[in-house]
Amino acid sequence: MKRKVLATLLAGVMALSLAACGGSDAGSSAPASTDSGSSASTTTTTDTTATTSTDTSATATGGDQINLEMWCIATESDSNRHSYEAAIADVTAAHPEINFTWEAIENQAYKTKIKAAVAADEMPDIFFTWSCAFLGEFVDAGRVYCLDDSIANFQYKDELPEVMLGNTTYGGKHYGVPLTMNIVGLFANMDILAEVGYTEVPGSYDEFIACCDKLVEAGYIPFGCAGKETWCVTEYLESVIEKSCGADVLNDIFLGRATWNNADVASAVDTFQGMVNKGYFDPDGIALSNDEVKANFMQGKYAFYMNGTWNCADFAASDFGSKVKVSEFPVINADKAKLGQLIGGPSDTLAVAASSPNAEAAAQFTLELGRLICHYGYLDGCGLPAWTPYGDTSSVNPLTQTVSEICANADSYVLFGDTAMNADDANTYLSYVDQVYGCQIDGNGFVSGLAADIR
Amino acid sequence: MKQKKIINTLNIIAFLLPGLILFIVVLIAPIALSGYYSFFDWNGFGAKTFIGLDNYKELFTSSAIGFLKALRNSLLLAALSVFLQLPLSLGLALLLGKGIKGERAFLSVYFMPVLISTVVIGQLWLKIYNPSYGILNVALTKLGLESLTRTWLGDVKVALGACFVPTLWQYVGYHMLLMYAGVKGVSPELREAAMIDGATSWQVSRYIVIPVIKPIIKVSVIFAVTGSLKSFDLIYVLTNGGPLHATEVPSTLMINMLFLRNRYGMGSTIAVMLIFLCFAFALLINRAFKEER
């Protein structure tokens, strides 16, 4: 009997090594993403080494030294990497009294790491975050330093428009430094469109659908979409809903001011599903990652690719840049929506931990750093500036300039659904988006399901 | 005499204590904490709200969470492991146990996948299954079987099976090695006696070898079932539970709850259910083998 109990206990304990790790407190949960974590630590070592050499010289010339640590997602392969490196070099050179170290962690692993750090109250002084609900939960837990006074005292405060702070303002107080802003763009491979007789991206919805039909007839796949990463599907779906129902309707739903049970939204979802059923989307896309789909688009497999405008930098930097144009998705229902209603807004943000022993110094440092990351990021074409641009910006690539023009004529913005909603609701939403894309439910099933399941 | 007994007892305690403390801190405490957190609605860093058994109720009733589907997928993987992977391992063990030519080389070849990182195996099979350039679809097309090509990891009907194949490939050598050790341990006299009595090779395996290595088969079955219940890494790399939760298993669901949805209470509830299920299945398997004996 004893042997049986022991054998059972050992078997159970073995089986639960994973479960217990994830289920215990956040501190012990952090290593759960083993595979990603290892790559992250490699990056960390590199970054820390790189910045330490800068810091050593700073220490030699400085007086009272302040140690500041930052976590972000600008890994070696991230298109924002250069802007972070350039900005950090500038700010650390201007502040020899600060010993600055930073770590870059892969996007998905970072979400786990920062949440575990917040849970354990062991955050770095400065950390990258997404705006709205993601940062909001940390603010609610009292873990984020309020930047109101810091912004008021910042010498370049006039370059930071109040409107750009909206997504990081909670209870009337500011908690984040915005970096760049991005919208969802409709990227078109003009070589493929030329094959079916189009020299411009169709401006009206009817023309757009006619173009897609011609593409299908000619054997081309109109849309590339990574079904393995549901946020890529939302880039299409949210644009279709917005251009059918209007920005206000979608914004109210995302922010919890209106119910999902909306007949217009259901109809828009059916419109999107109609596109799936008509073979506009690559059927193989459901098993592909966004990187794979993006590579396929750049290799000429798809005519259109709807995704964030941060892609402008990568497209423009390659030969493909001369073939691609970016525009906004056409209006589907002109009675309720109009051009200039866009999906996106400022989301990439830096924030300061309330637990930082040098919180105010970190806040001033973050403001300077944020302004420069924005500046260099804009020059690199990684997004539009959340801060007022300065200096010579003529080198900005043509795609990003087109996005600037689209945004200059913007009527309103609806932030990405999975950023606007809290984590639990966002994942419920993504689960329903998956079901729509997989044609498991229709528009009515989508809205009624979300109305029932959003907590 | 009495003092010596006390000293002996103290010595035993002193030697056992470090191991006991380690066991409690590393294994028992996290399980107990998981049980504790499962009674709360908690996002991991805000205030905790005690909700009793509500997480357990929601786990079994909410279609949005989909725990029952994840559990069904795990049980399906367990069934495939027991009824497909283990017989294959046993067959290989019996074959190699006969001392065929190149026995050592075959052992190494079959065991090699066990030594490779699961993430590497996942990446390898991602390439094999790639709908555009993957070797599987390319081979089928070249063989004139184009109608059989599909998006292996994107088709809800075949995705779970597609995830099982790499698991089978990876662990068949592991179970084979366990059983092979047992087969090699069977006394040659027993085999020879049976052969002299006119038993065929199959009859020797069926009536002599397999009954002798039954305790090892039991261990393999427990490993296969509990391994399937807690399967995570390969599925995480291959599909991350998709498409449409077709390959969702309790562990991927738990990670989703803990780190994507910020529902530490619900994640802990899934952890507790995994603990319970692993214990329950280990007991059932023990009982099944005992009754058969």
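In what follows, every chain begins at residue 1, and chains take the letters A, B, ... in the order their sequences are listed.
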*Looking only at non-hydrogen atoms, find the nearest pair between B:Gly44 and A:Ala119 and report the distance.*
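Smallest interatomic distance, heavy atoms only, reads O-CB, 2.9 Å.
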*Count the heavy atoms belonging to other residues, nucleotides or ligands that lie under 6.0 Å from NZ of B:Lys127, then report whether that count exceeds 12.*
yes
*Would one find more than 12 heavy atoms of other residues, nucleotides or ligands at under 6.0 Å from atom CD1 of B:Ile135?*
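Check fails, neighbour count at 12 or below.
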*Is there a side-chain contact between A:Lys228 and B:Pro243, using heavy atoms and a 4.5 Å cut-off?*
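Of all side-chain heavy-atom pairs linking B:Pro243 with A:Lys228, none is under 4.5 Å.
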*Less than 4.5 Å apart, any side-chain heavy atom of B:Phe259 and any of A:Lys111?*
no
*Quick one: of B:Leu153, B:Leu126, B:Thr239, B:Leu244, who has the most non-hydrogen atom pairs under 4.5 Å with chain A?*
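Looking at each of B:Leu153, B:Leu126, B:Thr239, B:Leu244 in turn, B:Leu244 comes out on top.
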Between [options], which has the largest tally of heavy atom pairs under 4.5 Å with chain B?
options	result
A:Arg143, A:Gln435, A:Glu137, A:Lys301	A:Glu137
A:Pro283, A:Ala287, A:Ala423	A:Ala423
A:Asn296, A:Thr230, A:Asp434, A:Asp121	A:Asp434

Hey, could you give me the [atom1]/[atom2] distance between [X] and [Y], rounded to the nearest 0.5 Å?
X	Y	atom1	atom2	answer
B:Met257	A:Asp424	CE	CG	6.5 Å
A:Glu229	B:Asn240	CD	CG	9.5 Å
A:Asp140	B:Phe45	CG	CZ	9.0 Å

*Between B:Asp233 and chain A, which part of the residue has a heavy atom less than 4.5 Å away: side chain, backbone, both or neither?*
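Contact with chain A is absent: no heavy atom of B:Asp233 under 4.5 Å.
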_chain A contact via B:Leu238 - side chain, backbone, both or neither, heavy atoms under 4.5 Å_ =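 It is the backbone, since no side chain atom gets that close.
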Under a 4.5 Å heavy-atom cut-off, does chain B meet the side chain of [X], its backbone, both or neither?
X	value
A:Phe138	both
A:Asp284	both
A:Gln440	side chain
A:Glu292	side chain

_Check: B:Leu260 main-chain N/O paired with A:Asn427 side-chain donor or acceptor under 3.5 Å_ = yes
*asked:* So if I apply the side-chain contact (heavy atoms from CB on, under 4.5 Å) rule between B:Thr151 and each of A:Asp282, A:Leu288, A:Ile286, which one comes out positive?
replied: A:Ile286
_side chain to side chain contact (heavy atoms under 4.5 Å, CB included), that's the test. Do A:Asn422 and B:Arg261 meet it? Break it down for me._
CA-CA 8 Å; A:Asn422 70 51; B:Arg261 291 182 178 240; over 6 Å; no
*Side-chain H-bond candidate by donor/acceptor type, A:Lys115 with B:Asn262, under 3.5 Å*: yes
